[in-house]
Amino acid sequence: MIDRTVWGLFAALLVVLGAGFIAADWAQFLLVLALAKGMVVLGLLVLMRAGLVSFGQGLWYGLGCYAAGMAGNFLGVTDAFLLLALGIAASTTVAFILGFLLSRYREIFFALLNMAFSMILFGVLVKTSVLGSTDGFNVLTPTFLGYAPSEAALGDTVFLLTAVISFVVAVLIHWYLGSTMGFIGEAIRENELRVEYLGVSARRAVHIKLMIAAALSGIGGVLTAIAVGHVDPEMTYWTTSGEFVFVAILSGTGSVAAPFMGSIIFEVLRTYAYEYSPYTWQMLMGAVMLLVIIFLPGGLWSALSRSRKGEGK
Amino acid sequence: MTPVLEARGLTKTFGAVTAADDIHVAVADGEIVGIIGANGAGKTTFVNMVTGYLKPSAGQILYRGTDITGRDSREITKLGIHRSFQIAQVFPDITVLDNVLVALGVAGDLPRTIFKPLRSPKTEAAADEIIARYGIGEYRNVKAGLLPQGVRKLLDIAMAMVGDPKIILLDEPTSGVSADEKLEAMRGLLKVLKDDKVTVLFVEHDMEIVGEFAQRVIAFYDGRILADGKPDEVLSDSSVREFVIGPELHRRSAGKD
């Protein structure tokens with residue numbers, strides 16, 4: 001169970017922690033956002049391994065964000081771990097219900113149906129004045145199992161929590177994908193008929209994968225809400241979902257580490273592109289995507305694995 | 001004795017076309033049944049109905065006396081009725097070993113396998129044993145999509161056999177195998193199936209294979225059963241020779257005789 005990937009993820013955790021604690025506050029914040037969104041992309045990876053792309057991950061992400069915000073504002077819950085549990089419960093419960101419909105569809109129909117549901121949530125949030133309509137609302141400052149960090153220590157605490165959760169989640173998903181139940185996704189992608197004639201319900205397997213992806217997105221949403229301190233309907237908008245797909249394609253699906261690596265690269269790239277080219281930064285991002293698709297169709301991770309194979313020779 | 005598999009008045013229509021018409025078949029435990037018929041005679045439709053791929057328009061399918069009509073393919077597979085396909089159904093982008101590992105992995109109770117690794121020395125040893133039994137060991141690490149058609153067929157059958165079936169329906173198991181290797185391939189395959197005490201129904205166009213290996217032959221014509229009995233009786237039946245075996249095979253067969 002403790003294989004090279006787990007050790008690699010542990011080493012990556014140490015590097016991220018080291019970098020995060022010595023980095024400037026803005027860079028540490030960027031890292032938190034990248035890791036939180038990386039978890040959403042990891043959910044997409046689980047789906048993509050089964051041949052499914054969702055243009056509606058913003059739905060599950062937004063549910064996590066709003067669950068954290070609403071639990072604080074309406075129920076007075078501020079404990080980060082409880083917020084995470086509530087975020088996971090909200091996104092997974094909705095995924096369980098919608099999954100009965102979504103798991104029947106494949107390819108573009110699956111992608112767009114997910115988007116349709118995310119846009120329904122967006123529409124509801126925009127029209128709900130008690131949730132701040134288009135402005136959203138602020139999220140209460142979190143506590144951590146009774147520990148209420150000072151304003152100065154809050155950033156470090158959220159960063160530590162995000163990094164450790166990212167590591168734990170990545171290891172769990174690595175084990176899951178290496179199991180028969182995880183690997184069945186690739187079998188579904190390749191030949192659903194054979195899967196059914198092995199006695200496995202492909203629909204049920206997709207349903208479970210959807211719930212896993214929703215849970216991961218929910219975690220990402222809660223961590224983002226805690227880190228940013230604010231939630232708004234934009235988090236469920238289709239452009240947010242599109243961003244997750246962008247990062248997933250940029251990263252590739254070769255490893256559970258890829259979404260986090262891709263997400264960090266994406267956030268850094270976007271920050272600098274926006275800094276130096278505020279009116280044309282999207283063009284730069286588009287060019288990067290174009291280059292990745294042409295030269296690295298397996299995503300940035302494929303370049304890493306290719307160079308590792310080269311070293312092995 | 002209750003037949004292991006029974007079809008009672010099985011009928012399938014597609015609009016105005018009747019692909020299978022009032023099929024009555026009872027198969028005994030351990031029997032090896034050859035199914036013959038020209039293209040479009042209803043052989044594959046029959047197999048598809050029995051294995052849940054198609055729902056019958058009328059009639060009943062009984063497994064050990066229990067009505068299983070209309071159940072989906074997954075339920076029927078879980079009951080122990082497995083199948084292979086005319087076009088081998090494998091996972092083309094993964095290796096032969098991984099194909100068998102997936103089949104082995106899902107043969108258990110899937111939800112319990114959430115963190116049980118697909119690959120382990122134990123599962124790989126079990127997969128290697130299966131691969132060796134079907135004589136495809138040399139292709140162990142080859143992607144299934146790159147296999148010769150005959151080997152792909154064997155992999156398809158090997159995967160279907162992993163779940164310990166009681167009945168297996170093989171749709172043209174030797175198609176894609178070269179003419180001079182067909183008999184040997186079928187002999188090896190049936191030895192494995194007999195060792196596992198599986199009831200076998202196989203669809204086949206090669207009458208030499210049918211005559212050699214089937215204990216009983218069912219001839220389909222125009223969606224109906226034209227003849228059902230011992231191979232020599234059915235294969236020498238004049239209507240079977242005229243309508244099923246066809247003029248070309250008839251001539252070839254006559255030449256050999």
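Protein chains get the first letters and strands the later ones, always in sequence-line order, with residue 1 at the start of each. From a predicted model like this one, the values you see are computed outputs, not experimental measurements.
Atoms CD and CD, on A/Glu190 and B/Gln89 in that order, are 12.0 Å from each other to the nearest 0.5 Å. Expressed to the nearest 0.5 Å, how far CD1 of A/Ile184 lies from CZ of B/Phe91 amounts to 6.0 Å. Within the model, atoms NE2 of B/His82 and CG of A/Leu198 stand 8.5 Å from one another, a figure rounded to the nearest 0.5 Å.
Of the atoms belonging to B/Ile94, heavy atoms from both backbone and side chain fall under 4.5 Å from chain A.
Sorted by first and then second residue, the salt bridge (Lys or Arg N to Asp or Glu O under 4.0 Å) pairs with a member in residues 157-167 of chain B read B/Asp164-B/Lys166; sequence neighbours excluded. The salt bridge (Lys or Arg N to Asp or Glu O under 4.0 Å) analysis of residues 145-156 of chain B, with sequence neighbours excluded, yields the pairs A/Arg194-B/Asp156. The salt bridge (Lys or Arg N to Asp or Glu O under 4.0 Å) pairs that include a residue from residues 88-104 of chain B are B/Asp98-B/Arg119, where partners are two or more places apart or lie in different chains.
Of all the heavy atoms in A/Ala187 and B/Val102, the pair that sits closest is CB-CG1, 4.3 Å. Here the closest non-hydrogen pair linking A/Gly199 and B/Thr77 is N-CG2, 3.7 Å.
Side-chain contact between A/Tyr197 and B/Arg83: present, with at least one pair of heavy atoms (C-beta onward) separated by less than 4.5 Å. The side-chain heavy atoms of B/Leu101 and A/Phe183, taken from C-beta on, include no pair separated by under 4.5 Å.
Listed in order of number, the residues of residues 44-73 of chain B that approach chain A to under 4.5 Å between heavy atoms are B/Thr51, B/Gly52, B/Tyr53, B/Ser73.
Within a 6.0 Å sphere centred on CZ of A/Phe10, other residues, nucleotides and ligands contribute 12 heavy atoms or fewer. Atom CG of A/Leu14 is surrounded by more than 12 heavy atoms from other residues, nucleotides or ligands within 6.0 Å.
At least one donor-acceptor pair under 3.5 Å links the side chain of A/Asn191 to the backbone N or O of B/Val90.
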